[in-house]
Amino acid sequence: AQSVTQLDSHVSVSEGTPVLLRCNYSSSYSPSLFWYVQHPNKGLQLLLKYTSAATLVKGINGFEAEFKKSETSFHLTKPSAHMSDAAEYFCVVTDNNAGNMLTFGGGTRLMVKP
Amino acid sequence: DSGVTQTPKHLITATGQRVTLRCSPRSGDLSVYWYQQSLDQGLQFLIQYYNGEERAKGNILERFSAQQFPDLHSELNLSSLELGDSALYFCASSVRGTSSGPSYNEQFFGPGTRLTVL
């Protein structure tokens with residue numbers, strides 16, 4: 001079985017300050033982990049993915065995430081927030097032993113203040 | 001633009017009715033997935049088809065069904081609709097039906113169909 005917990009439902013930062021969105025996962029097998037972003041009234045866009053290669057993963061728009069097996073975490077970071085980063089972010093896990101089904105976290109709404 | 005298309009974009013209907021949502025996967029993708037996004041349940045996997053065959057089932061109600069046609073487009077049928085079925089329904093597609101070991105089989109999402117049941 002696999003599950004994802006996003007520790008914050010809302011995060012508010014000021015433009016130009018760092019972003020940290022926290023995610024913990026549970027998986028019976030070696031997982032693949034992802035972050036997706038959903039802008040208002042839009043579909044889901046893949047930000048970055050971890051698939052057992054480098055533990056520090058770089059994604060689009062300056063985001064990156066670090067896979068920490070010992071902590072079962074996959075936190076998303078960005079050094080400097082931009083107004084256009086305001087969106088809903090989803091941490092997602094798939095169990096490589098159980099097909100391709102994605103399990104989504106509850107989402108974190110990121111608000112960026114000017 | 002992911003290459004996955006969904007129609008209609010919006011759908012408003014009444015309780016007890018039946019609707020059909022349509023999804024066209026990216027060219028060459030054999031696998032189609034349906035997800036439901038609602039305020040109380042979040043984003044949930046419903047069902048997966050691969051090359052016309054059902055591959056995996058998630059939290060899909062018995063009132064809901066899906067199929068994938070020979071041209072690989074898929075339809076999600078929702079019947080005896082209830083107020084709680086109001087949600088955003090996403091379709092995604094991928095090349096293969098499963099992940100192979102450490103190799104991730106990326107899913108590309110469509111823009112969604114927003115269903116409102118009144």
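All chains are named by letter (A, B, ...) in the order of the sequence lines, taking the proteins before the strands, and each is independently numbered beginning at 1. All heavy atoms count here, side chains included; hydrogens, waters and symmetry mates do not.
Atoms CE and CZ, on A/M101 and B/R55 in that order, are 14.0 Å from each other to the nearest 0.5 Å. Atoms OG1 and CD, from A/T94 and B/Q107 in turn, are 7.0 Å apart once rounded to the nearest 0.5 Å.
If you measure heavy-atom distances from A/Q38 to chain B, the contacts under 4.5 Å come from the side chain alone. Heavy-atom distances place no part of B/Q41 under 4.5 Å from chain A, backbone and side chain included.
For A/L102 against B/F45, the heavy-atom pair with the smallest separation is O-CB, 4.0 Å. Of all non-hydrogen atoms in B/Q37 and A/F90, the two that sit nearest each other are NE2-CZ, 3.4 Å.
When the side chains of ILVMFWY residues are joined at heavy-atom separations under 4.5 Å, either directly or via intervening members, A/W35 and A/V57 end up in a single hydrophobic cluster. Follow the hydrophobic side-chain contacts under 4.5 Å out from A/L7 and you never reach A/F63; the two are in separate clusters. Linking Ile, Leu, Val, Met, Phe, Trp and Tyr residues whenever their side-chain heavy atoms come within less than 4.5 Å places A/V19 and A/L47 in a single cluster. B/V32 and B/V19 end up in the same hydrophobic cluster when Ile, Leu, Val, Met, Phe, Trp and Tyr side chains are linked at under 4.5 Å. Hydrophobic clustering (side-chain heavy atoms under 4.5 Å, transitive across Ile, Leu, Val, Met, Phe, Trp, Tyr) groups A/V93 together with A/V37.
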Original post:
Going through the checks in order, is the side-chain contact (heavy atoms from CB on, under 4.5 Å) test met by A/K49 and B/E106?
Top reply: CA-CA 9 Å; A/K49 61 188 178 188; B/E106 182 171 345; 3.4 Å; yes
Subject >> Step-by-step side-chain contact (heavy atoms from CB on, under 4.5 Å) determination, B/L43 to A/L44 >> reply: CA-CA 11 Å; B/L43 254 163; A/L44 292 155; 4.0 Å; yes
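Annotation: residues 108-118 of chain B contacts chain A through B/F109, B/G110, B/P111, B/R114 [non-hydrogen atoms, separation under 4.5 Å].
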